[in-house]
Amino acid sequence: MSVLGLGAMGSALAGALVKGGYATTVWNRSAGKADDLVAQGAEAAATAGDAVRASQLVIACLLDHASVHEVFDPLSDELAGRTLINVTTTSPEQSREFAAWAAGAGVAYLDGGIMAVPHMIGQPESSILYSGSADVFERYKPLLDLWGTSSYFGEDAGLASLYDLALLAGMYVMFAGFLHGAAMVAPAGVTAGEFAARATPWLTAMTGAFQGLAAVVDGGDYTVGGQQSLEFSHLGDLLAASSDQGIGTEVVAMVQRLIQRQIDAGHGEEGFARIIESIRQPG
């Protein structure tokens with residue numbers, strides 16, 4: 001196996017392969033990144049071309065989509081007939097574009113989205129999403145499972161990236177909401193750590209509402225019973241309290257705009273899940 005790209009994530013992936021007993025060649029653009037892996041038993045390649053030639057399976061964990069093309073475009077002839085698993089973070093369209101590039105170069109291609117941070121690799125909570133070649137996924141699944149739980153989403157190479165970024169959207173908005181709350185209580189002398197101790201069980205409990213919201217959305221009826229109405233969900237008091245505490249209101253104001261658009265359209269008595277219609281039809 002050859003791993004190209006030895007940032008924190010690439011190094012974690014390569015380290016798991018070495019630990020799993022796979023002969024692993026590694027390469028990184030800047031020198032020195034391979035030293036720890038070599039000490040663990042990996043082979044360092046002097047060039048990206050050397051790394052590609054060393055293995056039938058090539059794994060890319062680079063900075064971005066442009067970096068993937070920069071490294072592999074000159075090596076298309078070397079890659080022909082080999083397998084490439086690309087776990088670089090890219091957009092769905094970028095994943096599809098590179099899958100087409102790989103097909104044109106005669107390369108079997110699998111795209112991956114890593115739902116983990118580097119220290120989680122190889123742990124039960126690590127999850128990695130894949131799409132692209134089903135044959136590649138099945139052939140290398142024992143190797144992929146060294147990194148975390150492997151899930152396959154189909155031949156469309158963009159689907160893993162789509163799921164990856166959609167899940168990250170939920171994470172970042174949740175993190176922003178937590179930090180907004182921490183900023184709200186800070187003027188009262190409450191530390192972020194103290195607030196986190198309260199927020200963690202609360203937010204964890206609230207994730208139990210996801211399935212209920214999903215059922216309403218999938219059913220397409222925002223009037224079914226048991227929902228909190230949009231009018232009741234109005235965030236005016238929250239916005240006022242944030243301003244009174246002297247902090248920015250951007251995080252909460254974003255949600256309020258989604259609510260208000262549906263109220264203004266005459267749906268105030270319907271459930272909170274209806275804000276998805278504001279998201280689906282922006283502006």
(message) Whether the side chain of Ser11 engages the backbone of Leu6 through a donor-acceptor N/O pair (distance < 3.5 Å, no angle test) should be reported.
(response) yes

(request) For side-chain hydrogen bond (donor to acceptor under 3.5 Å, both in side chains), just list the numbers for Thr88 and Asn86, CA-CA rounded to whole Å, side-chain angles, deciding distance to a tenth of an Å, and then say yes or no. (result) CA-CA 6 Å; Thr88 305; Asn86 181 22; 2.8 Å; yes

(request) State whether a side-chain donor-acceptor pair under 3.5 Å links Gln262 with Tyr222. (result) no

(request) Please answer whether the main-chain N or O of Val58 pairs with a side-chain N or O of Ser55 as donor and acceptor at a distance below 3.5 Å. (result) no

(request) Indicate if Val107 and Leu110 have the same hydrophobic cluster label, given that clusters are the connected sets of ILVMFWY residues with side-chain heavy-atom separations under 4.5 angstrom. (result) no

(request) May I ask you to decide if the ring planes of Phe178 and Phe195 are parallel, tilted or perpendicular, using 30° and 60° as cut-offs? (result) parallel

(message) Please find the pair of heavy atoms, one from Cys61 and one from Val87, that lie closest to each other, and give the distance.
(response) CB-CG2, 3.8 Å

(message) Contact between Leu162 and Phe153 at the side-chain level, heavy atoms closer than 4.5 Å - yes or no?
(response) no

(request) Please write out which residues are connected to Leu63 in a hydrophobic cluster, directly or through intermediates, given that two of Ile, Leu, Val, Met, Phe, Trp, Tyr count as joined at side-chain heavy-atom separations below 4.5 angstrom. (result) none

(message) Checking Asp111 against Ser95 for the side-chain hydrogen bond (donor to acceptor under 3.5 Å, both in side chains) test, could you report, in this order, the C-alpha distance in whole Å, the side-chain angles of both residues, the deciding distance, and whether it holds?
(response) CA-CA 7 Å; Asp111 199 88; Ser95 297; 3.2 Å; yes

(message) Hydrophobic cluster membership, with links at side-chain heavy-atom distances under 4.5 Å among I/L/V/M/F/W/Y: are Val255 and Val251 in one?
(response) no

(message) Give me the atom names and distance for the closest heavy-atom approach of Leu4 to Ala48.
(response) CD2-CB, 3.9 Å

(request) Kindly determine whether Arg280 and Glu277 satisfy salt bridge (Lys or Arg N to Asp or Glu O under 4.0 Å), including the steps that lead there. (result) CA-CA 5 Å; Arg280 285 170 167 168; Glu277 300 300 335; 2.9 Å; yes

(request) State yes or no: do Ile279 and Val252 share one hydrophobic cluster built from I, L, V, M, F, W and Y residues joined by side-chain heavy-atom distances below 4.5 Å, directly or via other members? (result) yes

(request) Report, as yes or no, whether the 6.0 Å neighbourhood of atom CG on Asp264 holds more than 12 heavy atoms from other residues, nucleotides or ligands. (result) yes

(message) If you count heavy atoms of other groups shown closer than 6.0 angstrom to CD of Gln211, is the number above 12?
(response) no

(message) I want to know whether Tyr152 and Phe137 have ring centres closer than 6.0 Å.
(response) yes

(request) Tell me whether Ile128 is reachable from Leu57 by hopping between hydrophobic residues (I, L, V, M, F, W, Y) whose side-chain heavy atoms are closer than 4.5 Å. (result) yes

(request) Check whether any side-chain heavy atom of Phe272 sits under 4.5 Å from a side-chain heavy atom of Ser233, and report yes or no. (result) yes

(request) Kindly compute the distance separating CG (Leu238) from OG (Ser243), expressed to the nearest 0.5 Å. (result) 10.0 Å

(message) Is there a side-chain contact between Met254 and Val173 in this structure, where contact means two heavy atoms from C-beta onward sitting under 4.5 Å apart?
(response) yes

(message) Nearest 0.5 angstrom please: Gln40 CD to Lys19 NZ, how far?
(response) 9.5 Å

(message) Does the plane of the ring in Phe98 sit parallel, tilted or perpendicular to the ring in Trp101? Use 30° and 60° as the thresholds.
(response) parallel

(request) With rounding to the nearest 0.5 Å, note down the distance linking CD in Glu97 to NE2 in His65. (result) 4.0 Å

(request) May I ask you to check whether Ser30 and Asn28 show a side-chain donor-acceptor distance below 3.5 Å? (result) yes

(request) Measure from the side-chain N and O atoms of Ser126 to the backbone N and O of Gly122, and report whether any donor-acceptor pair falls under 3.5 Å. (result) no

(message) When you compare the side chain of Arg29 with that of Trp27, does any pair of heavy atoms fall below 4.5 Å?
(response) yes

(request) Kindly determine whether Arg96 and Glu93 satisfy salt bridge (Lys or Arg N to Asp or Glu O under 4.0 Å), including the steps that lead there. (result) CA-CA 5 Å; Arg96 293 177 183 120; Glu93 286 308 310; 2.5 Å; yes

(message) Any donor-acceptor pair under 3.5 Å linking the side-chain atoms of Thr47 with those of Asp50?
(response) yes

(request) Specify the closest pair of heavy atoms between Leu165 and Pro92, including all atoms of both residues, with the distance to one decimal. (result) CD1-CD, 3.9 Å

(request) Quick one: list whatever passes ring pair (Phe, Tyr, Trp, His ring centres under 6.0 Å) with Phe72, sequence neighbours left out. (result) none

(message) Please say yes or no: joined through hydrophobic side-chain contacts below 4.5 Å, possibly via intermediate residues, are Leu17 and Met9 part of one cluster?
(response) yes

(request) Say whether, by atom type as modelled, one donor and one acceptor occur between the side chain of Thr207 and the main chain of Thr204 under 3.5 angstrom. (result) yes

(message) Looking at every non-hydrogen atom in both residues, tell me the closest pair between Ala108 and Val136 and how far apart they are.
(response) CB-CG2, 3.7 Å

(request) Taking the side chain as every heavy atom from C-beta outward, state whether Thr90 and Asp64 have any atom pair closer than 4.5 Å. (result) no

(message) Does any part of the side chain of Thr25, heavy atoms only, come nearer than 4.5 Å to the side chain of Met1, both counted from C-beta?
(response) no

(request) Would you check if the side chain of Gln123 reaches a backbone N or O of Met120 as a donor-acceptor pair within less than 3.5 Å? (result) no

(message) In the structure I gave you, are the side-chain heavy atoms of Val216 and Leu213 within less than 4.5 Å of one another anywhere?
(response) no

(request) Report the distance from atom NE2 of His180 to atom CE of Met184, rounding to the nearest 0.5 Å. (result) 5.0 Å

(message) Quick check: do Glu43 and Thr24 have side-chain heavy atoms less than 4.5 Å from each other?
(response) no

(request) Compare every heavy atom of Ala160 with every heavy atom of Ser131, then report the nearest pair and how far apart it is. (result) OG-N, 3.0 Å

(message) Nearest 0.5 angstrom please: Glu269 CD to Gln227 CD, how far?
(response) 12.5 Å

(request) Tell me, please, which residues at least two apart from Ala12 pass side chain to side chain contact (heavy atoms under 4.5 Å, CB included). (result) Pro118, Ile121

(request) Identify the heavy atoms of Thr249 and Ser242 that sit nearest to each other, and give their distance. (result) CG2-CB, 3.9 Å

(message) Quick check for you: to the nearest 0.5 Å, what is the distance between His267 atom NE2 and Ile275 atom CD1?
(response) 14.0 Å

(message) Around atom OH of Tyr22, are there more than 12 heavy atoms from other residues, nucleotides or ligands closer than 6.0 Å?
(response) yes

(message) What verdict does the side chain to side chain contact (heavy atoms under 4.5 Å, CB included) test give for Ile85 and Leu144, after you've listed the backbone C-alpha separation in whole Å, the side-chain angles of each residue and the deciding distance to 0.1 Å?
(response) CA-CA 10 Å; Ile85 299 177; Leu144 302 178; 3.9 Å; yes

(request) Start with the C-alpha distance between Thr149 and Asp145, add both sets of side-chain angles, then the distance that settles side chain to side chain contact (heavy atoms under 4.5 Å, CB included), and finish with yes or no. (result) CA-CA 6 Å; Thr149 301; Asp145 286 344; over 6 Å; no

(message) Could you check whether any side-chain N or O of Glu194 sits under 3.5 Å from a backbone N or O of Thr191, counting only pairs where one atom can act as donor and the other as acceptor?
(response) yes

(message) Leu230 vs Gln260, test: side chain to side chain contact (heavy atoms under 4.5 Å, CB included). Steps then yes/no.
(response) CA-CA 8 Å; Leu230 287 161; Gln260 192 63 51; over 6 Å; no

